[in-house]
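For reference, the structure is listed below as structure tokens.
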Amino acid sequence: MHATAAPERRRAVHRALAEAVENAGRRLPGLLHRSWSLTGPAPAPDLADRLASAAGDGAVPAPYGLRATAYARAADLTADGATRAERYTAAAEQYLLAGRPDRARPLLAAARARAAPAAVRGRAELVRGLTELRDGPVGDAHQSLLLAASLLAGDAPADAATAALAAADAAWAAGDLEGCLATLAPGSPRAGEPAARPHTGAEPPGKHPTMVVRDHGAGMRALLQGRLDRAAAPLGQVVERGGTDHRPEALLRSAAAALLLGNVDAARRAGARALAAARQLGSETLVPQVLEYLAYAELRAGRHPQARAHAEEGLRVALRTGQRNTAAHHRAVLALAASIEEDPDTVAQHVTAALSTARRHGLAQAATLAQWAEARADLGRGRPFEAADRLGLLVLPGPGRGHFAVWRLAVPCFVEAAVLAGRHEDAAGVLTDFADWAAFGADRQAAAQLARCRALLAPPEGADCLYRRALDRHDEAGGDFERARTALLYGKWLRRRRRPREARDRLGTALAGFERSGAGVWAAQARDELRALGAAPHGRGSGALTRLTPQQLRIARHVAEGATNREVALTLAVSTRTVDYHLRRVFAALGVRSRLELARVVGQAERAGPAEKTGARP
């Protein structure tokens, strides 16, 4: 009716709506309807000022999208070019917070087309850079954010520091170590000491308390220079402030700082609080970023099922809000989780999707994680030659080495694969750098992994002691999956040395650890070793569901609850073809012919007790 009505009738409707919603106390929608009731495109300075004031008032309850609409309408009604550019920029900021970068970009173009002071142009470049950082080439984001920092340095030093830190984030994502260090250099724009403004629902993205921005930048630079002694204090301050701050952006920085220090528990706590704060504020943009940090923290702790759950949700929200770069990181996490438990098709699907975006947008970190996942899947399935070839490209010195923050994490996998492939010299060559990384203290698994790597390369008289030392270090660090990997390698070594009783103990421990971690392909290795010893490996139960892989089990449970294949695909962040493939395998493995029969079998197995419960639900 509105679309087909005459202009005057539409304006009359808006006047009536303005009166109705204003009487109901809804100030911002009332002003918008009043603005749409105007005749002609002529400027209306008074109404534009009232609209912009209401849009920026944090005491006025309104979602980000509504604030963006109000700012954009205020800009349309503004005659002064500089003020119009400022309001278009403010509208773009709100659309970015609302998870609508597609609407932010044309507003930024409109702002750029008008003459404006340096501070306004700097804000526009800051929003543009943040948009590209989440959904575009990160090299372009880096340059936009550096320009924003220089434009804002004079009038808005705190915003300049925010832009500089975001530029460092872009360089980090690109794997540009020199660019990251240069951006964080003392000569770059730094924040002053003004008090942090209280958070309001109208605040643009990237606004962090000044001290958090300053300390996080200083800690990152010291860390990249290998100076843990200088990094620990400022990063520790960022983590500590996260305990009292309720702003999602500051909590996100707290989680990031905790990960840099290797404090996984603090990262998980800050991430969980940041997620709750972002959801409470309705910031769709921040949710997938917070979930990314939570997923990484769970991976670092060896909790792959939890990492997968966060990444599946993060992927859905990232795709819905147009954040392809963030989606690529979630795909990489899903590939790493799948590499220990799923069939090769699922790993390949996530790797392909992650690399597709990573290569177009220069995401070196996401690419390295995805390639590591692909190689780890090979290693888990007993293909050491393929794994060593893939991992060698990531960890061996040279221009093609993987991302500076990731490649060391893949070294233990490379050493294992290289030793099995007979490449002992290559394996030994990377241990010096890895020993430095273990001494650094940012990865609590590294000391145990280093002892395991040395055991793989040691002569028989030295390996036994090194394996035991590795297991002791695992006990200190925690983490079922990595400890089980060490126990598996130790059990294999003991079996070859004709020490069957000790080998059975170690292999049984490994099998239990893999099963508790959901590491199906690694558990299969442990069972094979136990069978070679003539031992009957203890399984996870004798019911029908034990025949399924973890992914097949998840799909079977969702289908048994009545979900369609498409709904299962959306829930697990896979394609419908993958669900179809697995469901056919499930039907064949369980001997059922319909979804109704499948529901009956799953229900009976679930009621049978813990022995039948073979995997964690997502």
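We count residues from 1, following the sequence as given.
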Distance only, no hydrogens: is a donor on one side chain within 3.5 Å (strictly under) of an acceptor on the other, for Arg324 and Thr357?
no

Pair Arg253, Asp169 - check salt bridge (charged side-chain N to carboxylate O under 4.0 Å, His left out), show working.
CA-CA 11 Å; Arg253 285 291 173 192; Asp169 289 339; 2.5 Å; yes

Gln349/Thr578 under side-chain hydrogen bond (donor to acceptor under 3.5 Å, both in side chains): CA gap, chis, key distance, verdict
CA-CA 9 Å; Gln349 177 188 327; Thr578 296; 2.6 Å; yes

Any Arg308 side-chain heavy atom under 4.5 Å of Leu572 side chain
no

To the closest 0.5 Å, what do you measure between CZ (Phe440) and CZ (Arg408)?
8.5 Å

Verdict with reasoning, Arg221 to Arg230, per side-chain contact (heavy atoms from CB on, under 4.5 Å):
CA-CA 9 Å; Arg221 178 172 173 80; Arg230 294 185 179 181; over 6 Å; no

Working note: Tyr95 + Val127, criterion side-chain contact (heavy atoms from CB on, under 4.5 Å); need CA distance, chi angles, decisive distance, verdict.
CA-CA 10 Å; Tyr95 271 132; Val127 179; over 6 Å; no

Output yes when a side-chain donor or acceptor of Arg121 lies under 3.5 Å from a complementary backbone atom of Ala116, and no otherwise.
yes

Check: Arg87/Thr78 side-chain N/O donor and acceptor closer than 3.5 Å
yes

Using every non-hydrogen atom in the two residues, find where Ala307 and Ala295 come nearest and quote the distance to one decimal.
CB-O, 3.5 Å

Within the 4.5 Å heavy-atom criterion, are Pro248 and Val290 side-chain neighbours or not?
no

Atom CD of Gln225: over 12 foreign heavy atoms under 6.0 Å:
yes

Measure up the Tyr296 and His329 rings against each other and bin them: parallel (under 30°), tilted (30 to 60°), perpendicular (over 60°).
perpendicular

Is it true that a side-chain atom of Ser283 and a backbone atom of Arg279 form a donor plus acceptor pair closer than 3.5 Å?
no

Between CG of Leu299 and CG of Leu336, what distance do you get to the nearest 0.5 Å?
5.5 Å

Atom pair CG/CZ of Leu286 and Arg134 - distance to nearest 0.5 Å:
6.5 Å

Residue pair Leu151, Glu125: steps toward the side-chain contact (heavy atoms from CB on, under 4.5 Å) verdict
CA-CA 9 Å; Leu151 290 170; Glu125 288 299 329; 4.3 Å; yes

In terms of side-chain geometry, is the basic nitrogen of Glu240 or Arg269 positioned less than 4.0 Å from the acidic oxygen of its partner?
no

For a side-chain contact (heavy atoms from CB on, under 4.5 Å) check, start with the C-alpha distance between Leu394 and Val406, then their side-chain angles and the critical distance, and finish with the verdict.
CA-CA 9 Å; Leu394 299 181; Val406 178; over 6 Å; no

What one should report as the nearest heavy-atom pair of Asp155 and Ala119 is OD2-CB, 3.9 Å

Using only heavy-atom distances, determine whether the side chains of Tyr293 and His310 contain a donor-acceptor pair under 3.5 Å.
no

Neighbour count above 12 (heavy atom, 6.0 Å) for Arg359 CZ
no

Would Tyr88 and Asp76 count as having a side-chain donor-acceptor pair, cut-off 3.5 Å?
yes

Tell me whether Arg10 at atom CZ has more than 12 heavy atoms from other residues, nucleotides or ligands lying less than 6.0 Å away.
yes

For Ala75, does its backbone N or O pair with a side-chain atom of Arg84 as donor and acceptor, under 3.5 Å?
yes

Hey, does the side chain of Arg316 reach the backbone of Thr571 with a donor-acceptor pair shorter than 3.5 angstrom?
yes

Between Ala354 and Ala328, the two heavy atoms sitting closest are CB-O, 3.6 Å

Between Ser254 (side chain only) and Val239 (backbone N and O only), is there a donor and an acceptor less than 3.5 Å apart?
yes

Can Asp135 and Arg105 be counted as an ion pair, charged N to O under 4.0 angstrom?
yes

Any sub-3.5 Å donor-acceptor pair from Ser144's side-chain atoms to Ala141's backbone N or O?
no

Step through the shown structure and confirm whether more than 12 heavy atoms of other residues, nucleotides or ligands are within 6.0 Å of CZ on Arg26.
no

Heavy atoms, side chains only, cut-off 4.5 Å: are Pro234 and His216 in contact?
no

Is there a salt bridge (charged side-chain N to carboxylate O under 4.0 Å, His left out) between Glu284 and Arg100? Walk through the geometry before answering.
CA-CA 9 Å; Glu284 285 276 272; Arg100 295 302 303 270; over 6 Å; no

Okay, side chain of Asn23, backbone of Glu19: is any donor-acceptor separation there less than 3.5 Å?
yes

Glu132 and Pro137, any side-chain heavy atoms less than 4.5 Å apart:
yes

Is any side-chain heavy atom of Val347 less than 4.5 Å from a side-chain heavy atom of Leu334?
no

Lys/Arg N to Asp/Glu carboxylate O, Arg15 vs Glu8, below 4.0 Å:
yes

Any side-chain heavy-atom pair from Leu38 and Leu77 closer than 4.5 angstrom?
yes

Would you say Ser356's side chain and Thr352's backbone share a donor-acceptor pair under 3.5 angstrom?
no

Tell me if a side-chain donor or acceptor on Ser35 pairs with a main-chain N or O of Leu32 at a distance below 3.5 Å.
yes

Where does the angle between the aromatic ring planes of Trp172 and His403 fall among parallel (under 30°), tilted (30 to 60°) and perpendicular (over 60°)?
tilted

Short N-O contact, Glu93 and Arg67, less than 4.0 angstrom
no

So which heavy atom on Ala370 is nearest to which on Ala332, and how close?
N-CB, 4.0 Å

Would you call Phe404 and Leu224 a side-chain contact if the rule is heavy atoms closer than 4.5 Å?
yes

Indicate yes or no: at least one non-hydrogen side-chain atom of Tyr71 is less than 4.5 angstrom from one of Leu51.
no

What's the spacing between Arg123 CZ and Leu152 CG if we round to 0.5 Å?
9.0 Å

Please round to the nearest 0.5 Å and tell me the distance separating atom CZ of Arg34 and atom CG of Leu31.
7.5 Å

Give the intermediate values and the outcome of salt bridge (charged side-chain N to carboxylate O under 4.0 Å, His left out) for residues Glu313 and Arg320.
CA-CA 11 Å; Glu313 182 185 357; Arg320 185 173 70 240; over 6 Å; no

Taking only Lys NZ, Arg NE, NH1 and NH2, and the carboxylate oxygens of Asp or Glu, determine whether Glu22 and Arg27 approach each other closer than 4.0 Å.
no

Under 4.0 Å between a side-chain nitrogen and a carboxylate oxygen: does that hold for Glu312 and Arg331?
no

Kindly compute the distance separating OG1 (Thr162) from CG (Leu145), expressed to the nearest 0.5 Å.
10.5 Å

Can a donor-acceptor pair be found, under 3.5 Å and without considering hydrogens, that links the side chain of Asn325 to the backbone of Leu133?
yes

Above 12 or not: heavy atoms from other molecules or residues under 6.0 Å from CZ of Arg11?
yes

